[in-house]
Amino acid sequence: PSPETVVEQTCDGSSSPSNHVYTLLCTNVLFQQHAAVCLASLLTNNHNLFFDIVIVAQPTETLDEEKLRRSLTQFANYSLRFIKFCFPPDLSLPLIAHYTIDTYTRLWIKEFFPENVNRVLYLDADIVVVDNVAPLWSTDLGGALLGAVDIPGSDQGVRLLGLRQEDGYFNAGVLLIDLEQWRKIHAEEIVIEYIRKNPDRILYDQDALNACFH
């Protein structure tokens, strides 16, 4: 994998370790408007936090970065970086329906943040934030690799992945990731290896994340 930082914009705002939230979105041109709404809603409801935001896209995507910045001009509590990311050339990833290749980009999250960043909040580009995320950001993961919320009543894990009902099946649209542990265990390699061995079980990367880290 070879990420390339294209541009960085920093807005004035004070930050400290307790209120500095490292945030990742992975998107494309079709979802850029969604990403703007996501970030505006995040910043609107969280004036007490400073967000170090990274937006990752494929080299073939040309995001209108200036337009996205204009959507956030009223806010001062963030910094913004755009990164281009190339997938390994020999990697084949399954896709269905409206899910794009960008959903897999988050697996390489360790490539997008410095070594001193140990926790990252990942958001799908079409998320709308309606409240303060401070309680989420400060959640004690208790040694877990990531925090997520189960989809109520979902049997996807049992039906498709061979999991137990009590294992649940989490939605990967909002993830609180222990990046230090992610790096240590090479989590992306675990997921990719599972996909390679079980292509018939995987509809999108959320399945693989559940299979590996339930």
- Task: Just do the side-chain contact (heavy atoms from CB on, under 4.5 Å) check on Cys38 and Leu123 with the steps written out, would you?
- Result: CA-CA 8 Å; Cys38 175; Leu123 298 174; 4.0 Å; yes
When you group the ILVMFWY residues by side-chain heavy-atom contacts below 4.5 Å and let the links chain together, are [Y] and [X] in the same group?
{"X": "Val37", "Y": "Val174", "value": "no"}
{"X": "Leu42", "Y": "Ile127", "value": "yes"}
{"X": "Leu24", "Y": "Val149", "value": "no"}
{"X": "Ile185", "Y": "Phe113", "value": "yes"}

- Going by atom types only, do Asp207 and Gln156 share a side-chain donor-acceptor pair under 3.5 Å?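 Indeed, the side chains of Asp207 and Gln156 share at least one donor-acceptor pair under 3.5 Å.
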- How about Tyr169 and Asp167: does a side-chain donor come under 3.5 Å of a side-chain acceptor? no
Is it true that a side-chain atom of [X] and a backbone atom of [Y] form a donor plus acceptor pair closer than 3.5 Å?
{"X": "Asp64", "Y": "Lys67", "answer": "yes"}
{"X": "Arg106", "Y": "Ala172", "answer": "yes"}
{"X": "Asp178", "Y": "Gln181", "answer": "yes"}
{"X": "Asp140", "Y": "Gly142", "answer": "yes"}
{"X": "Arg81", "Y": "Val54", "answer": "no"}
{"X": "Arg119", "Y": "Trp137", "answer": "yes"}
{"X": "Asn171", "Y": "Ile151", "answer": "no"}
{"X": "Ser154", "Y": "Asp150", "answer": "no"}

Distance, nearest 0.5 Å, that separates [atom1] of [X] from [atom2] of [Y]:
{"X": "Leu39", "Y": "Leu68", "atom1": "CG", "atom2": "CG", "value": "6.0 Å"}
{"X": "Asn210", "Y": "Tyr194", "atom1": "CG", "atom2": "OH", "value": "10.0 Å"}
{"X": "Thr105", "Y": "Leu25", "atom1": "OG1", "atom2": "CG", "value": "11.5 Å"}
{"X": "Leu145", "Y": "Ile190", "atom1": "CG", "atom2": "CD1", "value": "8.0 Å"}
{"X": "Ile83", "Y": "Glu111", "atom1": "CD1", "atom2": "CD", "value": "9.5 Å"}
{"X": "Phe51", "Y": "Leu121", "atom1": "CZ", "atom2": "CG", "value": "7.5 Å"}

Under a 4.5 Å cut-off applied to non-hydrogen side-chain atoms, are [X] and [Y] in contact?
{"X": "Asp52", "Y": "Thr23", "result": "no"}
{"X": "Lys197", "Y": "Ile202", "result": "no"}
{"X": "Tyr22", "Y": "His20", "result": "yes"}
{"X": "Leu175", "Y": "Phe170", "result": "yes"}
{"X": "Asp131", "Y": "Asn45", "result": "no"}
{"X": "Asn19", "Y": "Asn48", "result": "no"}
{"X": "Lys110", "Y": "Leu179", "result": "yes"}
{"X": "Phe82", "Y": "Ile53", "result": "no"}

- Message: Looking at Lys184 and Glu180, is any side-chain nitrogen of the basic one under 4.0 Å from a carboxylate oxygen of the acidic one?
- Response: no
- Indicate the ring-plane relationship of Phe213 and Trp182, choosing parallel, tilted or perpendicular according to the 30° and 60° boundaries. tilted
- Item | Parallel, tilted or perpendicular: ring planes of Phe85 versus Phe112, cut at 30 and 60 degrees |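 Plane angle over 60°, so perpendicular.
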- Closest approach of Pro135 and Ser138, non-hydrogen atoms and distance? O-OG, 3.3 Å
- What closest approach, in Å, do Cys26 and Tyr122 show between heavy atoms, and which atom pair accounts for it? SG-CE1, 4.2 Å
- Task: Given side-chain contact (heavy atoms from CB on, under 4.5 Å), test Asn132 with Leu49 step by step and report yes or no.
- Result: CA-CA 9 Å; Asn132 193 320; Leu49 299 175; 4.1 Å; yes
- Message: Apply side-chain contact (heavy atoms from CB on, under 4.5 Å) to residues Leu141 and Leu146 and explain how you reach the verdict.
- Response: CA-CA 7 Å; Leu141 293 178; Leu146 54 84; 5.7 Å; no
- Query: Going through the checks in order, is the side-chain contact (heavy atoms from CB on, under 4.5 Å) test met by Leu107 and Ile192?
  - Reply: CA-CA 9 Å; Leu107 296 180; Ile192 295 303; 3.9 Å; yes
